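Notes follow once the structure below has been shown.
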Amino acid sequence: MVTYEFNRESRLLTPGQFQSVFSKPSRYGSSHFTILITANNTDRNRLGLAVAKKRVKLAVQRNRIKRLVRESFRLKQHDLPGIDIVVMVKSGIDKLDNSEINHQLEKIWRKIIQRQKR
RNA sequence: CGAGUUGGCCAGACAAUCGCUGCUUUAUCCUCUGCUUUCGGGUAGGGAGAUAAAGGGGAGGAAAGUCCGGGCUCCAACGAGCAGGGUGCCAGGUAACGCCUGGGGGGCGCAAGCCCACGACAAGUGCAGCAGAGAGAAGACCGCCGAUGGCUGGCAACAGCACAGGUAAGGGUGAAAGGGUGCGGUAAGAGCGCACCGGGCGGCUGGUAACAGUUCGCAGCAGGGUAAACUCCACCCGGAGCAAGACCAAAUAGGGUUUCAUAUGGCGUGGCUCGCGUUGAAACCGGGUAGGUUGCUUGAGCCUUAGAGCGAUUUAAGGCCUAGACGAAUGAUUGUCCACGACAAAACCCGGCUUAUCGGCCAACUCAAUAG
RNA sequence: GCGGAUGUGGUGGAAUUGGUAGACACGCAGUCUUGAGGGGGCUGUGCCUUAGGGCGUGAGGGUUCAACUCCCUCCAUCCGCA
């Protein structure tokens, strides 16, 4: 039975874990996202978010974007093959609506899955 | 039904599915201690964690800006003085405030009502560029006069000159030129005199006071502005902040160089001095660690009723528990409905202020008025 | 989260007992020199306006005769604290 849970094991928690992703990343991107991934040699995927105050000024918008990314990751996590992910954003993303953000994330997940299968 | 003022309340709703995070209960697993044992275990109590199920909770009126005030924590204690800072009509409220309430004064509005850093420049010191004659108990540039004295003419009355001089009514300069109006007065003028108005000082009356009134008395008037200039007066303020601080584990390896001091010293201490405590301190190089728990939500708390008070507020009784996260929860998708949803999200906690904001509802009051 | 600092033409940066804002340097534009370029010289350079004049020190108010300067509110940028 496949569950769509999202608890603390599915996140990057410490600065050290973030650093390991930043040190040897594969890059993916879209018009408003930059995503870094690296293999973590487990059967779990882990997500870290880096939404800078400089990119998105209002706390309400930052929270909205983080929630959307988490939700999208939660629903897709079983199709991904054991990687650590750091999602960063670019300026202007706070002007997009929910469906547009979801659409961009979908495209990136599909690209990652294709790349990793080879 | 219109126009407006003040106060208070709400902050899309409902359903389904999938998620996040605390709390409570139950079950299973793990673990510690005691007792017992046929060494498999059994039983009682405790602990923290994991999983599952059920129930219940889960951003704001501004959570914001960080502009004030407190609680709390540490600085041995926060004691004295100086420096520095803040507030500023009066009275009250409060834990406290730069906040609030009531009152006074001034301004705006037909009104309900709204707005105001609103102590003292007659304690002292300073400032006012340019312009202007003169800028502070002032000043003759133009103007006015020239009574008096002088000169000229004339027998004289007097006329002329504008020399001495007088003059702040008028012009001009300026942000500002030293009470206003009228009459008298005069050579021309002038609080020079008088009347009224305004203001000052003293008294009296009302008020806790700010202040107001005065048919009372005094003196012709008194010296303008600026204190968000120094200052004076009254009152208040020790410093830092939850990244405060405390605990557990690890670590800080008794390493090197330089400088200061060597006790009338250094440091604690983040203005200085005294006082107090403590006994070396600081900088750089090299090396090592920066994980977890706690502080963390029950509080100047909220609701109802009754009493005190014009009110802010307060007293009593009863009831309620209403987010505590930590790479950071309170969401996503779909559907239905409508007034089509603004500004915007806690990070130790409260009380205010300020700023942003789609709209909706309720109450009291004011104006316009009886037309549709 | 807490604490602190700064804001002046296109750029750096002057101007303080409150008294003519934009010194100085760079850049830019025009012009002279040169066959041309470079270099150098000279002139101009915040905005609006025909002129007179008006508006301009991050924004908005206030005090004052007068504000870059003093006071209040807001905005933006930067720095420090484990």
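Predicted model, so just to flag it, every value in this text is computed and none were measured. Chain A is the first sequence line, chain B the second, and so forth, proteins listed ahead of strands; every chain is numbered from 1.
For A/K57, a side-chain nitrogen or oxygen approaches OP1 or OP2 of C/U77 to under 4.0 Å. The phosphate of B/G327 (OP1 or OP2) has no side-chain N or O of A/R46 nearer than 4.0 angstrom.
For the P atom pair drawn from C/A23 and C/A66, the interatomic distance equals 27 Å after rounding to whole Å. B/G42 and B/G299 are spaced 46 Å apart, taking the P atom of each and rounding to whole Å. Remark: the separation of the P atoms in B/A135 and C/U11 is 46 Å, to the nearest Å. B/A212 sits 15 Å from B/C90 when the P atoms are compared, rounded to a whole Å. When the C1' atom is compared between B/A140 and B/A133, the two are found 7 Å apart, to the nearest whole Å. Remark: the separation of the C1' atoms in B/G178 and B/A138 is 8 Å, to the nearest Å. Nucleotides B/G291 and B/A263 are separated by 44 Å at their C1' atoms, to the nearest Å. When the C1' atom is used for both B/U355 and C/C74, the distance is 7 Å, rounded to whole Å.
Nearest to the side chain of A/N98, among B/U333, B/C18, B/A345, sits B/U333. Side chain of A/R67, nearest nucleotide from B/A345, C/C78, B/C18: B/A345.
Remark: side-chain polar atoms of A/N45 are paired, donor with acceptor, to backbone N or O of A/Q77 under 3.5 angstrom. Counting only distance, with no hydrogens or angles, the side chain of A/R62 and the backbone of A/K57 share a donor-acceptor pair below 3.5 Å.
Applying the 6.0 Å contact sphere to NZ of A/K90 captures more than 12 heavy atoms from other residues, nucleotides or ligands.
Across all strands shown, B/U38 remains unpaired; no Watson-Crick or G-U wobble contact has both distances below 3.5 Å. Base pairing analysis places B/G102 opposite B/C90; the two distances defining the Watson-Crick or G-U wobble pair are each below 3.5 Å.
Hydrophobic clustering keeps A/L58 apart from A/L49 (ILVMFWY residues linked when any side-chain heavy atoms are closer than 4.5 Å, directly or through intermediates).
Nucleic acid contact class of A/R70 (heavy atoms, under 4.0 Å, all strands): sugar-phosphate only. Backbone-only contact: A/R11 has heavy atoms under 4.0 Å from sugar-phosphate atoms and none from a base. When heavy atoms are screened at a 4.0 angstrom cut-off, A/L58 is found touching the sugar-phosphate backbone but no base atom.
In this structure B/G286 sits in the anti conformation; its chi angle is more than 90° from 0.
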